[in-house]
2 protein chains.
Amino acid sequence: MKEAVTLKQIAEKLGISVTAVSKALKDYPDISKKTKKLVRKTAKELNYKPNTFAVNLRTKESKTIGLIIPVIVHHFFSNVIKGIIAQAEKKGYLVIILQSNESYELEKKQLDLLMSQRVDGIIISLANGTSNFSHLNDIIAQEKPLVMFDKIAKVVKCSKVIIDDRKAAYMATQHLIDTGCKRIAHFRGSLLPQNSIDRFLGYKKALEDNNMVFDPALVYLCECGDMSFEEGQNNAKKLLNDHNDVDGIFINTDLVAIGAMTEFNKQGIKIPDDISIVGFSNWFMASVISPSLTTIDQPGYQMGKAAFKQLFKEIKAAKKNKTVEPEVITLDTALVKRDSTK
Amino acid sequence: MKEAVTLKQIAEKLGISVTAVSKALKDYPDISKKTKKLVRKTAKELNYKPNTFAVNLRTKESKTIGLIIPVIVHHFFSNVIKGIIAQAEKKGYLVIILQSNESYELEKKQLDLLMSQRVDGIIISLANGTSNFSHLNDIIAQEKPLVMFDKIAKVVKCSKVIIDDRKAAYMATQHLIDTGCKRIAHFRGSLLPQNSIDRFLGYKKALEDNNMVFDPALVYLCECGDMSFEEGQNNAKKLLNDHNDVDGIFINTDLVAIGAMTEFNKQGIKIPDDISIVGFSNWFMASVISPSLTTIDQPGYQMGKAAFKQLFKEIKAAKKNKTVEPEVITLDTALVKRDSTK
DNA sequence: CTGAAAGCGCTTACAG
DNA sequence: CTGAAAGCGCTTACAG
């Protein structure tokens, strides 16, 4: 690798001090215009780039943040990533991305890695496997800015960017009820993540508020752990076997919903005539399959932006040794009505 | 933010020199076992983490690489990202990701940003808007390891990880011919990227080798610039209007193919009876829609892994001031036969 | 086996 | 307006 140009080289070339060069480039008021002009010209000619390693060491900040995400290959998360990166770039921050693969052990290791790297702050969406939060509390104890989004832990005292999963699920279920469904099933995710729990609770509450019987047998867990297309197919098969009186399903994730719809289509079950379906997330495929899928719009890009904005606020505060009260930012969701419901 | 523990603090606590502490932690042979044990114990107790900023400044490497990608929210690219991150993590490298949004200007700026950040190497897939390559040649001139993948520039002298687009497109087209198609159209991407060109050439060659007429009117450009679902719908509509004798289409990308299929389904055109379709990339939705889509499998995850491996090789060589002959790594593709062809 | 010292490339308080 | 000097936290050649 070629050796990079340093302040010293510019200083020697111009016969002035390193101090003067440094100050000139940073536009300090106590440097003459003439010197500034000269220094800038020379720096440009030599293609001078400040050595970030040295700058970081002095300023104790890296202008870099870390992002830990359960899975990258996922429309919602890749939208969040895009939002975070876009916002970070605006503020001159770079983003290091790690994937926890839904594993608690990996998540812990990666958090450690980011701390070693001395990123200025961390944004994280928890792995499904995470039920112990001491690794997160450690970060907070070290006063490193930390923002959680989507898959959060309510008990951890840091800022969070979420949607109101319970309310959204309530809306989805209410829509099924409003369009005439009498017996409504729910495909929920795995047991742990807070948002699966909240969506389940929203579903249950909607039934209760409408004086409908809540039947635990109609709640299908995601056994394999990842919310996949196959999961939707399998649950749809089981449902047809065990409860063919069901006329509506609220499904945790569009991908699973599409899996289920594929199975229903295959078996000649008519959507929405025989069964109405509401998904969750508003993946673009939802508008595209046949019939198009009624779903809850989950604003991934906005969540990414909001998460970085909050982190940035906290990084600035931390620089001044101020602490910020953790904020919970709840973004709006909307029901997108399409053809999978009446 | 809490102040981090330094070597000096450990040294003072133990009443030995900073040098001894540093060497003990790095397991230098000239330190007594007793001292090493003591130092390690203390470091652990104090939760010592080396200050990367200082280490980077001394060692002149950051153990960080940069990745510039046209779009993140895209199944192929997010798979590549996953492959790169996984492989990088194995070797102790972190990955900074930037999105060029298919813009040449942004790509240039971001390359500059990564150079300023002094990443150890860069992996890039070019924006569609990039037709001038001086920003890439600058990187190479500075002897910074650089690997391109998928959307590459043939004239830039650096290592590349690609598939044989021409061969794959040939395979796809040959399959249409073998299954009885007589008049075969092609939906190609935008004009510029090398892989659109190569896929087009493969298509053309297959026709010629089979003594079929190549009709430029049957080649549909992607006007809007992004290869989208709507693009597929629009081109399908046009095709039905202008050339309803076409009985096979080779489509540049699965997403576009699925758009086209949706349009054909809507208009009552039977796939594959009226029109056979072959896509490109083997997005998981290809196996899931109805009818399932015959396509070319493009190994994104593998490409990511291979790209990092090559970059790692070049980073190691650069450290020893050796130069590496650029390598072109071509990964295998395969035709995945499904129900959209006979 | 141990440690004093130089140096990586910056920034900035201080003196002039 | 300018510059000498200290220091950020490491690593490592060198001396003992």
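Per chain, numbering begins at 1; letters A, B, ... match sequence-line order.
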For residues 81-94 of chain A, please give each side-chain donor-acceptor pair under 3.5 Å, one per line with the distance, not counting sequence neighbours.
| unit_1 | atom_1 | unit_2 | atom_2 | d |
| --- | --- | --- | --- | --- |
| A:E89 | OE1 | B:Q110 | NE2 | 3.4 |
| A:E89 | OE2 | B:Q110 | NE2 | 3.0 |

Does anything in residues 12-19 of chain A come within less than 4.0 Å of DNA chain C? Heavy atoms only, and list the residues if so. A:V18, A:T19
Watson-Crick or G-U stems involving DNA chain C, each at least 3 pairs long, distances under 3.5 Å, ordered by first number: C:1-3 with D:14-16, C:5-12 with D:5-12, C:14-16 with D:1-3
Test A:I68 against every option in A:L126, A:L113, A:L114 by the side-chain contact (heavy atoms from CB on, under 4.5 Å) rule and name the one that passes. A:L114
Determine the contact category for B:F53: base if any of its heavy atoms lies under 4.0 Å from a base atom, sugar-phosphate if only primed atoms, P, OP1 or OP2 are that close, otherwise nothing. nothing
Suppose the criterion is salt bridge (Lys or Arg N to Asp or Glu O under 4.0 Å): which pairs have a residue in residues 121-137 of chain A, not counting sequence neighbours? none
Nucleotide range of DNA chain C lying under 4.0 Å from chain B heavy atoms: C:dC1 to C:dG9
Residue pairs, two or more places apart or on separate chains, that pass salt bridge (Lys or Arg N to Asp or Glu O under 4.0 Å) and touch residues 104-119 of chain A: A:D112-B:K49
Pick base, sugar-phosphate or nothing for A:K26, based on heavy-atom distances below 4.0 Å to the nucleic acid. sugar-phosphate
Who passes salt bridge (Lys or Arg N to Asp or Glu O under 4.0 Å) against B:K63, sequence neighbours left out? none
Is there side-chain contact between A:F53 and B:T52, with heavy atoms separated by less than 4.5 Å? no
What residues form a ring-ring contact (aromatic ring centres under 6.0 Å, His included) with A:Y28, not counting sequence neighbours? none
Quiz question: by atom type and distance under 3.5 Å, do the side chains of A:T19 and A:S22 form a donor-acceptor pair? no
I want to check something: taking the side chain as every heavy atom from C-beta on, are A:K13 and A:Q9 in contact at a cut-off of under 4.5 Å? no
Validation: residues 307-315 of chain B side-chain donor-acceptor distances under 3.5 Å, sequence neighbours left out:
| unit_1 | atom_1 | unit_2 | atom_2 | d |
| --- | --- | --- | --- | --- |
| B:Q310 | NE2 | B:S159 | OG | 3.2 |
| B:Q310 | NE2 | B:E314 | OE2 | 2.9 |
| B:K313 | NZ | B:E327 | OE2 | 3.4 |
| B:E314 | OE2 | B:S159 | OG | 2.5 |

Nearest heavy atom decides the nucleotide; on that basis, is B:D30 or B:A54 closer to the 5' end of DNA chain C? B:D30
Considering residues at least two apart in sequence or located in another chain, which fulfil the salt bridge (Lys or Arg N to Asp or Glu O under 4.0 Å) criterion with B:K36? B:D27
Which part of the nucleic acid does A:T6 contact within heavy-atom distance under 4.0 Å: base, sugar-phosphate only, or nothing? sugar-phosphate
Reading DNA chain D from 5' onward, which residue's closest nucleotide shows up sooner: B:Y28 or B:N51? B:N51
With sequence neighbours left out, what residues match A:K157 under salt bridge (Lys or Arg N to Asp or Glu O under 4.0 Å)? none
Selection: residues 31-49 of chain A, any non-hydrogen atom under 4.0 Å of DNA chain C: A:Y48
I'd like to know if the side chain of B:K151 reaches the main chain of B:A127, judged simply by a donor and an acceptor atom lying under 3.5 Å from each other, with no hydrogens or angles considered. no
